[in-house]
Amino acid sequence: MSKNLLIVESPAKAKTIENILGKDFTVVSCKGHIRDLPKEDNAIDVNNNFIPTYIIPDDKKQVVKELTRLAKSASDVWLATDEDREGEAISWHLCEVLGLDEKKTKRIVFHEITKPAILKAVQNPRIINRNVVDAQQARRVVDRLVGFKISPILWRKIARQGVLSAGRVQSVAVRLVVEREREIEQFKVSSYYKITAQFKIKDASGKQVLLKAELPETFSQEKDARQFLEKCIGAVFTIEKIEVKPAKKSPAPPFTTSTLQQDASRKLGFSVAQTMQIAQKLYEAGKITYMRTDSTNLSDTARQAMGKQITEEYGPKYWQERQYKTKSDSAQEAHEAIRPTYFDVRNAGDTTDEKKLYELIWKRAMASQMSDAQLERTIVDIGISTQPEKLQAKGEVIKFDGFLKLYIESALDDEEENEEETILPPLKVGQTLDLKQMLATERFKRPPARYNEASLVRNLEELGIGRPSTYAPIISTIQQRGYVVKENREGELRPFRILTLTGPAESKPNTLTAITDKEKTGVEKAKLFPTDMGRVVNDFLVKHFENIVNYDFTANIEKSFDEIAHGKKQWNKVIGEFYYPFNETVEHTLKTAERETGERMLGEEPQTGKPVVARLGKFGPMIQIGSAEDEDKPRFASVLPPLTLNSITLEQALELFKLPKEIGVYEGKNMKVGVGRFGPYVLHNNKFYSLPKNTDPLLINQEEAIAIIEAKKEAEANKIIQSFENGAIQILNGKFGPYIKAGTQNVKIPKSKDPKTLTLQDCHDLIAETETKQPATGKQAKVPANALQVFENGSIQILDGRYGPYIKANGKNITLPKNADPKTITLEECKQLIAAVSSGGKKTSKKTAKS
DNA sequence: CAGTGAGCGAGCTTCCGCTTGACTT
């Protein structure tokens, strides 16, 4: 039995550290936080210094049980959680939960998992820093108050559709996307003309090559560009100046979480979640250091190992030891940068994605310890005899590649259009040049770029919002909430002008021609677009909670947290200063804020003159023609992507009311296309076939509809692997592999068994097995607290509602007649009432209620 | 499961940051 118990956060670290410390230590992990605020709304006592209640979440009970057992039998407990605010808090929670004496428990920290660092840490234990713990509690409490006070306001004031939420971090992320989209919408595209020239020239070996040059100035009008070209007819072009300047390029620092996500997105096309999953695998396999970090630090051991590796592989000239300083103010630097654990391992990972990501990490880390690349940049000025402007040719030669030896191929596929940096042929001052042609090409100013997942993370990090462990979850939250969608855009063709002047020695010399060409513009891949809901929620928050969704809110409150951590402020006072004014805003908003629907008047319907309005309805974006006060009922139509409330025109809106419509015949039966609750569909032979997302149902033709019907039929046929007892028991191909479907029950098939050869008996066995594993809990419907009577296992209930007693049955609510006593009404009477309503039709009951 | 769009009802949701598995159809 070991005397020392050392607790870290991550299991993978525990293993490594146990190897380093040897037999005197048992090293285990607590797997992150072991306590949290309960889900209930009263987790923080706002009337009593904001004292939080903590609970051990269900999924942490097992961990706590095990840690308690180990702590009891240990003479010394060492808390080696990460050295940051959260880590300090985890240590404190461990003390509280395990019943440890804070004064006697040894708190140690290290920033890297290396032998010297850990041995040094063990020699320098301290006690828990309660100020830092308090700073974490303040952070936790602010986040809870902001999230749980504002989210319910959205439910009341905007919609119940989906689950809306707001928070210190996610709401700013949405705001960035919404505001960027508006910048793009408001961007006025303007064009200008760029002059480029090609000269014929001999290179060192006497071969004819082209020298490319351009005019640094641009023209905003075609006529000015034309004038410039015309003036160049018959001009003499002479090299007036050659300027050679040395230059250097330095490598980028090794990866942090956010730079890894950016680079993997650009170079490998990974989503941020994908990058993190793959990195996690590499980390668990011991191939890389911890992947959730904001630090660019490299341990001494690592730098030495890289120096050795670089020297051996490329020679000492290529090695330059560097220590990087982390840029971000908000960095807590509890870990190292992301790097390979062993630099002599060139390939690692089981899958191709793992291998690719490992290579990226390896190269970036290695390059960070390599020499600068030495370059020579040449700028050549070319005079024009007929006018004062000068053309410029630029060249670049790599004199010494340095780190580019490793990074050059990565630099090639960078997303930004690299200016062509070419080697220039030999040139000398005074030399005249033969013009091949000169072009004036129309170019367009570009609107700000839309965010992709990784660039949004980069922006959040710059604002100090979110942490490495939350970047990927933030991105998925704002998509899950329906505020933001990740989409591709095909782009469209845009005409542009090219004026061409041919040189004096060409086939049609000194001729100026003008053509209109076309180019693709607006192509987007995996970019983030705000939804209508995202815009409405954002505008609501900006209107009522500007100080919370302000880009500086986090930065400012972080300053207060730092003061708490340094013992300069009391955490509950900081919370109080924030909470009282905030809560007033909350109350005021609840009382006074209008419902927000993003309503936009599109115009009038030509035939009737009725108003056509785009707004957010109960079930999402919609168009309404006519108002509720009208004689005849208003008509409605859903607005589906790619159409949005924000951009839809009156014409597009009116089109939507042409659905449903007949579009042809298949197998002798009519096909109808329409939009239903679950999106656009084709209806054929009483069966619905969903159309793919983002298809415009108005544009679907007979052939496409047939293709969709046939594809669905085929998919259904492929889904069934085996079928028994007339389909009562089936073996199906599901999202998560083959499974057995028996009525409503789904049963897993163990990997050791082949689903194609399973017999009916095998199926019954497997079903019986899973049944014994989890005894049926009974399917009784939940009985609410306000129930007066319950019939038929809860499927029919008499409830006491805000507007009197009613029957709840099959998801329908039926108000009881005034003469009925809710406490003594019988099941039979209930059934009669239910039957009366469903046969009588809803609409008649409405009318009678009004009259 | 398929054209809903005030007519209510109870009870549910929700935050951010640490960390892994368990689980889904």
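Within every chain, numbering begins at 1; the chains are lettered A, B, ... in the order of the sequence lines, protein sequences first and strands thereafter.
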Report task. May I ask you to list the residues of residues 80-89 of chain A, by number, that have any heavy atom positioned under 4.0 Å from an atom of DNA chain B? Result ->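 Those residues whose heavy atoms fall under 4.0 Å from DNA chain B, taken from residues 80-89 of chain A in numerical order, are D82(A), E86(A).
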Query raised in the report: For DNA chain B, what residues of residues 680-692 of chain A have any heavy atom nearer than 4.0 Å?
Result: Y681(A), F688(A), S690(A)
Query raised in the report: Reading DNA chain B 5' to 3', what string of ( ), [ ], | and . shows its pairs, if Watson-Crick and G-U wobble pairs count only when both distances fall under 3.5 Å?
Result: .........................
Query raised in the report: Which one, dT20(B), dT19(B), dC16(B), comes nearest to the side chain of E284(A)?
Result: dT20(B)
Query raised in the report: If you check the Y739(A) side chain, which of dC15(B), dT25(B), dT19(B) turns out closest?
Result: dT25(B)
Query raised in the report: Are a donor atom and an acceptor atom from the side chains of H111(A) and E333(A) found within less than 3.5 Å of each other?
Result: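 Result is no, nothing qualifies.
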Show me the donor-acceptor pairs within less than 3.5 Å that the side chains of residues 681-689 of chain A make with the rest of the protein, sequence neighbours left out.
unit_1  : atom_1 : unit_2  : atom_2 : d
H684(A) : NE2    : Y666(A) : O      : 2.8
N685(A) : OD1    : K669(A) : NZ     : 3.4

Query raised in the report: Rounding to a whole Å, what distance do you find between I90(A):CD1 and dG17(B):C1'?
Result: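 Value for this atom pair: 8 Å.
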Query raised in the report: Mind checking what makes side chain to side chain contact (heavy atoms under 4.5 Å, CB included) contact with T293(A), not counting sequence neighbours?
Result: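 T293(A): side chain to side chain contact (heavy atoms under 4.5 Å, CB included) contacts with T257(A), S295(A), H335(A), I338(A).
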Requested in this report: For E88(A), check salt bridge (charged side-chain N to carboxylate O under 4.0 Å, His left out) against everything at least two apart and list the hits.
Outcome: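 Partners of E88(A) by the salt bridge (charged side-chain N to carboxylate O under 4.0 Å, His left out) criterion, ordered by chain and then number, come out as R107(A), R126(A).
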**Report entry** Presence of donor-acceptor pair under 3.5 Å, side chain of R140(A) and base of dC15(B)
**Finding:**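 Such a pair exists between side chain and base.
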Query raised in the report: Counting only distance, no hydrogens or angles, is the base of dC16(B) paired donor-acceptor with the side chain of R139(A) under 3.5 Å?
Result: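 Answer is yes: a donor-acceptor pair is held.
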Query raised in the report: Is it true that E596(A) and R156(A) make a salt bridge, defined as a side-chain N closer than 4.0 Å to a carboxylate O?
Result: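 Salt bridge absent between E596(A) and R156(A).
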